[in-house]
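Just below is one structure, and these are the notes that go with it.
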Amino acid sequence: MSISSEKQMPEAVAAWRDPEMDSVKGTETPKDPNKGYIALLGWSINAIKAAQKFDRRYIVVAPEWAADFCTANNIPFISWDFIRLNDRSMEIAERLKEEGVDVAIPLFEETVEWSGAINSVLLDSPRMFGQSILFRDKALMKRRAQLGGIRVGIFEEAHEKEDIVRFMKRVNQTLLKLDGDPDDPIHVKAFDKAGCLGHRMIRTIEEIDNIPDDEYPLLMESHLSGWEFAVEAWIHDGKIQFLNISEYVTLGYSVFVPATAELESWRNAITKQIELLIKTFDIQFGLIHPEYFVTADGEMYFGEVAYRPPGFKAFELIEKAYGFNAYQASMLVFDPKSSKEEVAAFFPKEVVDAKGYAGCFGVYPRRRVVSKLEMPEETINHPYFESHELVAPAEETVPDRSAFGTHWGLIFFFGDDPIKMRDLLKAQEDLDFYV
């Protein structure tokens, strides 16, 4: 790839130049023309850096605001607005096909449908678009899971407040609640948002009034009391190539990999569930990120599944623990030109090949008014502490958290004992990082 001179660029564009990127230094890994040409849908600097160190050709498809950065850093780029669906939506698939691209990989939730539509054209597989809808619409996803014999909780769609009131009353009637008994909570979730976005736990009828009208329609679910965990599974030719179990310490706050021996003892049962999920959703390749619950009586319930990298920097945690780049792993299993031998040689052995335990904690300010970032000594002096992404507060008043909220940044830890890691991550919940 030719390297543009900084002198040739307008000053505003050149300001985005990163002298440490391989594409700027001229140290990119040579691309093999016999292997796949990959489109990355969305924006991830870490995914781009991984592609530059991998032997596949790549092109980034992202919103217009990424153009200057890509120009400044010699990154192949096509501008596309993923928000707008119109009669030009097929154009991106045709452009990528003309470019010679073999497959499109979604980097975040809102590009999953786009990848399905594009890949249905690139791979001449019309069913892929319909499959992508199942990964996006949580209600359809749950119904498909039920049809495949996968255990799920009770669920319905809500289009207005009264739907949630009726659902909550029916759930508690089913649980034989008597007058005066506390209601069993229910969960409401956005149909098509990632992770905890739009996710609320409703404990009383009165809390339903706190849901803004613009969040409807929603998915309603019964509460499952159990151990929630996540899985990252790379699939090639319909078979699991690597299966990581991510252990949540507190949902929305903290996670680490690999899991404790207690959760890993469920690996065989979890693997069978993932194989059933692959069969039910007819997944032939790619990366899936499902969430499950194990209840006290040992039953496993399906929560949901995503067809894109997970949040909370799980890919980066996996790389820290195992040494392989999870973005490159996704490029490998998505690429229709990858051989079984190449895929098998790429992945290490789960758990036994891990170099340690990598975890992260998402910080939420505990005070209503803050003036500065102040890292607690208990955190930065702990031998497991690695780094953090926290920045000084932009304003003093902390906004009210909507639903589960969005963390203000992540703190990263690495160590050799999963129990110490779990306890350390839990302890962060009682500390103030913004004071």
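Residue numbers count from 1 along this sequence.
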**Test side chain to side chain contact (heavy atoms under 4.5 Å, CB included) applied to Trp114 and Ser132, step by step** = CA-CA 8 Å; Trp114 286 97; Ser132 71; over 6 Å; no
Answer with yes or no whether the side chains of [Y] and [X] bring together a donor and an acceptor at under 3.5 Å.
X: Glu429; Y: Thr250; answer: yes
X: Glu28; Y: Ser23; answer: no
X: Glu291; Y: Tyr248; answer: yes

**Asked** Stepwise, does the salt bridge (charged side-chain N to carboxylate O under 4.0 Å, His left out) test hold for Arg127 with Asp282?
**Response** CA-CA 10 Å; Arg127 286 181 181 271; Asp282 191 23; over 6 Å; no
So, [X] side chain and [Y] main chain: donor-acceptor pair closer than 3.5 Å or not?
X: Tyr322; Y: Val351; answer: yes
X: Asp102; Y: Tyr37; answer: yes
X: Gln428; Y: Leu424; answer: yes
X: Arg200; Y: Val188; answer: no
X: Asp237; Y: Lys239; answer: no
X: Lys31; Y: Phe54; answer: yes
X: Glu207; Y: Arg203; answer: yes
X: Glu389; Y: Gly409; answer: no
X: Ser330; Y: Leu287; answer: no
X: Gln131; Y: Phe281; answer: yes

Under 6.0 Å from the [atom1] atom of [X], do we count more than 12 heavy atoms belonging to anything else shown?
X: Lys337; atom1: NZ; result: yes
X: Trp16; atom1: CH2; result: no
X: Asn381; atom1: CG; result: yes
X: Asn210; atom1: CG; result: yes

Do [X] and [Y] have side chains that approach each other closer than 4.5 Å (heavy atoms only, starting at C-beta)?
X: Tyr58; Y: Met331; result: no
X: Arg136; Y: Tyr307; result: no
X: Thr379; Y: His388; result: no
X: Met421; Y: Val249; result: no
X: Ile154; Y: Ile186; result: no
X: Gln52; Y: Ile75; result: yes
X: Leu276; Y: Phe302; result: no
X: Met141; Y: Phe155; result: no

**Prompt:** Where does the angle between the aromatic ring planes of His223 and His187 fall among parallel (under 30°), tilted (30 to 60°) and perpendicular (over 60°)?
**Reply:** parallel
**Asked** Between Tyr357 and Glu247, does a side chain to side chain contact (heavy atoms under 4.5 Å, CB included) hold up when you go through it step by step?
**Response** CA-CA 11 Å; Tyr357 295 85; Glu247 183 160 340; over 6 Å; no
Let me confirm one number: the [atom1]-[atom2] distance from [X] to [Y], rounded to the nearest 0.5 Å.
X: Leu134; Y: Phe129; atom1: CG; atom2: CZ; answer: 11.0 Å
X: Leu41; Y: Asn119; atom1: CG; atom2: CG; answer: 7.5 Å
X: Asp18; Y: Ile45; atom1: CG; atom2: CD1; answer: 8.0 Å
X: Phe315; Y: Asn325; atom1: CZ; atom2: CG; answer: 9.0 Å
X: Phe256; Y: Leu263; atom1: CZ; atom2: CG; answer: 8.0 Å
X: Tyr292; Y: Glu299; atom1: OH; atom2: CD; answer: 14.0 Å

Which pair of heavy atoms, one from [X] and one from [Y], lies closest together, and at what distance?
X: Ala47; Y: Leu40; value: O-CD1, 4.1 Å
X: Gly362; Y: Leu410; value: CA-CD2, 3.7 Å
X: Leu123; Y: Pro336; value: CD2-CG, 4.1 Å
X: Leu122; Y: Ala93; value: CD2-O, 4.1 Å
X: Pro258; Y: Ala321; value: CD-CB, 4.2 Å
X: Ile78; Y: Arg95; value: CG2-NH2, 3.4 Å

**Fill in**
The single option from Leu243, Thr280, Ile240 that satisfies side chain to side chain contact (heavy atoms under 4.5 Å, CB included) with Glu275 is Ile240
**Item:** Side-chain ion pair, Lys138 and Glu221, N-O less than 4.0 Å
**Value:** no
**Prompt:** Are Glu264 and Arg267 within salt-bridge range, i.e. N to O under 4.0 Å?
**Reply:** yes
**Request:** For Tyr364 and Tyr253, run ring pair (Phe, Tyr, Trp, His ring centres under 6.0 Å): C-alpha distance rounded to whole Å, both residues' side-chain angles, the deciding distance at 0.1 Å, then the answer.
**Result:** CA-CA 8 Å; Tyr364 301 87; Tyr253 278 90; 4.8 Å; yes
**Request:** Begin from the C-alpha positions of Leu332 and Gln241 and carry the test side chain to side chain contact (heavy atoms under 4.5 Å, CB included) through to its verdict.
**Result:** CA-CA 11 Å; Leu332 183 67; Gln241 304 301 317; over 6 Å; no
**Asked** Is there a ring pair (Phe, Tyr, Trp, His ring centres under 6.0 Å) between Phe69 and Phe77 once you walk through the steps?
**Response** CA-CA 10 Å; Phe69 184 92; Phe77 172 76; over 10 Å; no
**Request:** May I have the step-by-step check of side chain to side chain contact (heavy atoms under 4.5 Å, CB included) for Trp43 and Trp65, ending in yes or no?
**Result:** CA-CA 10 Å; Trp43 186 251; Trp65 48 253; 3.7 Å; yes
**Prompt:** Taking only residues at least two apart or on different chains, which pairs with a member in residues 49-62 satisfy salt bridge (Lys or Arg N to Asp or Glu O under 4.0 Å)?
**Reply:** Asp22-Lys53, Lys35-Asp55, Arg56-Asp335, Arg56-Glu342
**Prompt:** So is Arg308 actually on top of Phe108's ring, under 6.0 Å and inside 45° of the axis?
**Reply:** no
**Prompt:** Out of Phe346, Phe324, Phe334, Tyr327, which one pairs with Trp234 under the ring pair (Phe, Tyr, Trp, His ring centres under 6.0 Å) rule?
**Reply:** Phe324
